[in-house]
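Everything on this sheet refers to the single structure shown next.
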Amino acid sequence: MIARVAIAIAAILPASRSAAAQELEPRLFSPAPVGLNILVGAFSYSWGNILLDPAIPIEDLRSRLSIITLGYVRTVDVFGASAKVDVVVPLVTGRWRGMLEGRDSSRTVRGFGDPKVRFSVLFSGAPALSGKEFASYRPSTIVGGGLQVWLPLGQYDPTKLLNLGSHRWVFRPQFGVSQTVSRWVLEAMLAGWFYTDNPDFVNGNTLAQHPIVALQGHASYAFRRGFWMAADLGYGRGGRSSINGQETESLLTSWRLGVVLAIPISDHDSIKFGFVSGVRVGKGADYDSILAAYQYRWLDGP
């Protein structure tokens, strides 16, 4: 049963925070037994044109971003349906070199980024099951949804253009469908990003941003004994921003391609490796990321 639980666990952490709303998350809506707890520690490294806030109007930016992420996940029973709560806190070291209107906007900074909290429910195809019941469960078609909230608690200096926190709330509703065929899991997901205004953007300016719509597709294959591998494709568009009511030329479009490999170590431990790259970028972020993550899991009760 432990191997099946390892296969069922979603890829909790994305490879990085993308400036074009592309967090590729295979197995996000995969089922797991109620009472499963997961502690996650991850390290990701990104390079290229990458910003933690997608509304900042800098192009041709050279960046180096190192993120240590700590996360906790727990599965729960919500009116007979399988559900999940997860919390993620990033510690970021960012190095940016670039110009904005002839002004040197380079910066190096270290601190906490905006933490994220998510609640998701599998509406259909994944009833809430105990560990013993889950051992004989065979998934087929699953429909799920969730809401992730970015809390404006990350490090922020209103006199600086480049920051680790965004100083505004971000709401990310998600809806997805997962189909299991033998050892294959095929997934499609639609997500939207909605932003509140930042009233203290660079010395008191007001930054507003239109929503971003993102689509994802994933194909993963489960090998024996808990190994699985996924190929991921994502597209994001939207997010035009305005400063003090004047719109900027900041419509974001991006294709992202990724691969993930999950390897079990024991009944409670596993590691994960990932790579994400830009396939084609219109305007916005253009970067590559690598990820290594460790997960420790335990199940309440027998």
Side-chain angles (χ1 to χ4, degrees), residues 4-15 18 21-38 40 71-88 116-131 133-150 170-194 211-222 228-236 256 258 260 262 272 274 293 295 297 299:
R4 293 197 64 247
V5 171
I7 293 174
I9 293 173
I12 302 302
L13 299 175
S18 166
Q22 285 301 321
E23 293 187 346
L24 301 179
E25 299 173 291
R27 296 183 175 242
L28 178 62
F29 294 121
S30 291
V34 171
L36 181 68
N37 302 271
I38 309 173
V40 184
Y72 172 72
V73 186
R74 180 173 174 83
T75 57
V76 296
D77 181 341
V78 177
F79 301 110
S82 178
K84 179 178 66 178
V85 179
D86 62 79
V87 181
V88 174
K116 294 176 283 186
V117 179
R118 175 166 49 198
F119 177 73
S120 55
V121 180
L122 304 182
F123 305 119
S124 175
L129 301 174
S130 66
E133 293 169 328
F134 189 80
S136 59
Y137 166 75
R138 295 295 181 269
S140 181
T141 303
I142 296 173
V143 179
L147 176 65
Q148 186 178 55
V149 179
W150 296 27
V170 181
F171 300 92
R172 185 191 183 201
Q174 300 167 287
F175 179 82
V177 178
S178 172
Q179 178 67 53
T180 300
V181 181
S182 185
R183 292 183 176 270
W184 288 94
V185 178
L186 306 177
E187 302 162 284
M189 187 177 73
L190 172 67
W193 296 59
F194 299 86
I212 294 176
V213 176
L215 298 170
Q216 293 185 25
H218 309 277
S220 59
Y221 184 82
W228 61 267
M229 186 172 185
D232 318 302
L233 179 64
Y235 174 75
R256 308 297 294 167
V260 175
K272 183 179 66 176
Q295 296 182 346
R297 59 188 175 273
L299 189 62

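Worth knowing before you read on, the calculation uses all heavy atoms, side chains too, and leaves out hydrogens, waters and symmetry mates.
Among all heavy-atom pairs drawn from Pro26 and Asp232, the shortest one is CB-OD1, 3.5 Å. Here the closest heavy-atom approach between residue Pro139 and residue Pro31 is recorded as CB-CG, 4.3 Å. When every heavy atom of Arg74 is checked against every heavy atom of Asn37, the shortest pair comes out as NH1-OD1, 2.8 Å. The two residues Leu299 and Pro33 make their nearest non-hydrogen contact at CD1-CG, 3.9 Å. Across Ala128 and Asp77, no two heavy atoms sit closer than the pair CB-CG, 3.5 Å.
Rounded to the nearest 0.5 angstrom, His218 NE2 and Ser220 OG are separated by 9.0 Å. To the nearest 0.5 angstrom, Phe171 atom CZ is 7.5 Å from Leu147 atom CG. Considering CG of Leu122 and OG1 of Thr75, their distance stands at 10.0 Å, rounded to 0.5 Å. The structure places CZ of Arg256 at 11.0 Å from CG of Leu233, a figure rounded to the nearest 0.5 Å. Separating the CD1 atom in Ile142 from the OG atom in Ser30 is a distance of 6.5 Å, to the nearest 0.5 Å. To the nearest 0.5 Å, the span separating OG on Ser130 from OH on Tyr137 amounts to 13.5 Å.
With a 4.5 Å cut-off on side-chain heavy atoms, Gln179 and Val177 do not count as touching. Using a 4.5 Å heavy-atom cutoff, the side chains of Leu129 and Ser82 are not in contact. With contacts defined as side-chain heavy-atom distances shorter than 4.5 Å, the pair Val34/Phe134 does not qualify. Side-chain contact between Val213 and Leu190: present, with at least one pair of heavy atoms (C-beta onward) separated by less than 4.5 Å.
The aromatic rings of Phe123 and Phe175 lie parallel to each other, with less than 30° between the two planes, well short of the 60° mark.
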Intermediate values then yes/no, side-chain contact (heavy atoms from CB on, under 4.5 Å), Leu28 and Lys84: CA-CA 10 Å; Leu28 178 62; Lys84 179 178 66 178; 4.0 Å; yes
Test log, rule side-chain contact (heavy atoms from CB on, under 4.5 Å), inputs Thr141 and Ser124: CA-CA 8 Å; Thr141 303; Ser124 175; over 6 Å; no
Pair Trp193-Arg172, side-chain contact (heavy atoms from CB on, under 4.5 Å): steps then yes or no: CA-CA 5 Å; Trp193 296 59; Arg172 185 191 183 201; 3.3 Å; yes
Stepwise side-chain contact (heavy atoms from CB on, under 4.5 Å) test for Val78 and Phe119: CA-CA 11 Å; Val78 177; Phe119 177 73; 3.8 Å; yes
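Checking side-chain atoms of Glu187 against main-chain N and O of Arg27 turns up a donor-acceptor pair under 3.5 Å.
Salt bridge absent: Glu25 and Lys116 never bring a charged side-chain N and a carboxylate O closer than 4.0 Å.
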